[in-house]
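Only one structure is covered here, and it is reproduced in the block below.
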Amino acid sequence: MTHVADHELLMDADGELEGQRAFDVRAHLTACAVCRRRQCEILEALGMAAEEHLEQELPPIDGARTMLQARLRPDRRQRTFAVAALAAAACLLVIQFLPERATGLMPRAELTPGAVREVSTEAMCAVGEDTDRREIPHEVAVEVFRKYGIHDPRPRAFEVDYLIPPDLGGAGDVRNLWPQPYNEGTWNARVKDALEDRLRTMVCAGTVPLDVAQKELAEDWIGAYRKYFGSRDPLPVHVAFVKDRPWE
Amino acid sequence: MRTIPTDAALLNELLESSAPEAVSLESEVTAMFDTYRNPLLRFALSLGLAAADGEEVIQEVFLALFQHLRAGKPKDNLRSWLFQVCHNRALKLRQRRPAPVLVPTATATPEEQAIARQTKERVAAAIRTLPEQERVCLALRAEGLRYREIAGVLGISLGGVAMALERAVGRLREKA
């Protein structure tokens, strides 16, 4: 007896088969215990996947609905766009005239999108902070400098830093590393190390999901610092924070 | 599992039962938002967007819907239309802001592996490592889309949807 292919078992269960083939597959399933069992297994796997997908925690809808309604009303929309345009123009001015020292060298998304290991929150928190994993091989560090066009880095001027640290599931992959000025600028490696410690504590306490912490670090770590420390600028205690050694 | 009404007539009922003079276009779009915001946001997250980016994409989708309806364009199968616009906008945003890359676990300790043996964790981890097309097909199926609708959203054939789901099931059963 020729058994039914998995995708047809799936299509049958989802009501996607049509015509004579739908009839034939139904008839086969009536007679074949092997295919019936296999179809059950397929549906079980799909059921778990669907449950995982549908049970994701989402932000409340109310704020998003209010924002949409404001943007849909023509009179308000014009005002919103005008305010947004003014805000964008102001940001552009600030960025253009911001001294480089204030921001330091930022990770570039095309070079350093972030990379994470497959690890659960429980497993990550159970093993404690892994200082060994933070060590970056010299050749990897050199590759990171090369990608950023830094050909002769001054010793002790940079920390080759993880965008997402190993203690939060970050991978030792060049896509997760960038040369961060160690002492230079307001938003430097010491400040980011303080944020990483705070985020790990919150993730392990269950107040911030691991994937959220990873994304926030990867996309805008300064924004994450401001959010979690409630301060527009780095706190004085963090400017002097020392965790990782500079690159030498 | 199928939480969204699959019948396009239900959508038309939602839109057409609202007489233009009684309920504004804005109310219609808001009603659609209440029905589809969560499914679309989950779909955007399955494409690797952060929640904040996903929310912004959803706002763009419903502003586009407002323009679409105001221009008197077809109301047929708006559910597929919403997912398709969401897919396009999410991919555009993702190009500007790449998502973190997931790399295989080569360094997990035995302790990590033992804890990760819980079924839910395994399923979640297995889904994250699926190729994007398979992961997205699973997400759209979970949202109640028919195969032809999934094919339309992703721009692939109906057979391609079935095969992607078959491959996804195979990988899930191996890993989870």
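Source: prediction; values computed, not measured. Proteins come first, then strands; the chains are lettered A, B, ... in the order of their sequence lines, and each starts at number 1.
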So which heavy atom on [X] is nearest to which on [Y], and how close?
{"X": "B/Asp53", "Y": "A/Glu219", "answer": "OD2-OE1, 3.7 Å"}
{"X": "A/Glu118", "Y": "B/Ala125", "answer": "OE2-CB, 3.2 Å"}
{"X": "A/Arg71", "Y": "B/Glu56", "answer": "NH2-OE2, 3.4 Å"}
{"X": "A/Ala49", "Y": "B/Leu138", "answer": "CB-CD1, 4.1 Å"}
{"X": "A/Lys215", "Y": "B/Gly48", "answer": "NZ-O, 2.7 Å"}

Contact part of B/Gln59 toward chain A, heavy-atom cut-off under 4.5 Å: side chain, backbone, both or neither?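 Both backbone and side chain.
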Counting only non-hydrogen atoms closer than 4.5 Å, does B/Leu165 touch chain A with its backbone (N, CA, C, O), its side chain (CB onward), both, or neither?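 Both parts, backbone and side chain.
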Answer whether the closest heavy-atom distance between the side chains of [X] and [Y] falls below 4.5 Å.
{"X": "B/Phe62", "Y": "A/Leu72", "value": "no"}
{"X": "B/Glu143", "Y": "A/His53", "value": "yes"}
{"X": "A/Leu68", "Y": "B/Ile58", "value": "no"}
{"X": "B/Leu172", "Y": "A/Met48", "value": "no"}

Return the set of residues passing side-chain contact (heavy atoms from CB on, under 4.5 Å) with B/Arg135 (not counting sequence neighbours), or none when no residue passes.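 With sequence neighbours excluded, B/Arg135 shows a side-chain contact (heavy atoms from CB on, under 4.5 Å) to B/Ile127, B/Leu130, B/Glu132, given in chain and number order.
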Measuring from atom [atom1] of [X] to atom [atom2] of [Y], what distance do you get when rounded to the nearest 0.5 angstrom?
{"X": "A/Leu54", "Y": "B/Asn38", "atom1": "CG", "atom2": "CG", "answer": "10.5 Å"}
{"X": "A/Leu46", "Y": "B/Glu166", "atom1": "CG", "atom2": "CD", "answer": "11.0 Å"}
{"X": "A/Ile61", "Y": "B/Phe33", "atom1": "CD1", "atom2": "CZ", "answer": "5.0 Å"}
{"X": "B/Leu41", "Y": "A/Gln56", "atom1": "CG", "atom2": "CD", "answer": "8.0 Å"}

Measure [X] against the heavy atoms of chain B and call it side chain, backbone, both or neither at under 4.5 Å.
{"X": "A/Pro60", "answer": "backbone"}
{"X": "A/Leu43", "answer": "side chain"}
{"X": "A/Glu44", "answer": "neither"}

Most heavy-atom pairs under 4.5 angstrom with chain A, which of B/Val161, B/Thr30, B/Leu158?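 Winner by heavy-atom pair count: B/Thr30.
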Counting heavy-atom pairs closer than 4.5 Å to chain A, which one of B/Ala124, B/Ala51, B/Ala52, B/Ser46 comes out on top?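 The option with the most such pairs is B/Ala124.
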Check the surroundings of atom CD in A/Glu18: do more than 12 heavy atoms from other residues, nucleotides or ligands lie under 6.0 Å from it?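 Not buried by this count: 12 neighbours or fewer within 6.0 Å.
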Which residues pass the side chain to side chain donor-acceptor pair (under 3.5 Å) test with A/Glu139, not counting sequence neighbours?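 For A/Glu139, no residue satisfies side chain to side chain donor-acceptor pair (under 3.5 Å) once neighbours in sequence are set aside.
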Whether the side chain of B/Arg146 engages the backbone of A/Gly15 through a donor-acceptor N/O pair (distance < 3.5 Å, no angle test) should be reported.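 Yes, the answer is positive, given that a donor and an acceptor are paired below the 3.5 Å cut-off.
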Side chain of A/Glu16, backbone of B/Tyr147: donor and acceptor closer than 3.5 Å?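 Pair found, side chain donor or acceptor close to backbone of B/Tyr147.
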Out of A/Glu55, A/Met11, A/Glu216, which one racks up the most heavy-atom pairs below 4.5 Å with chain B?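 The residue among A/Glu55, A/Met11, A/Glu216 with the greatest pair count is A/Met11.
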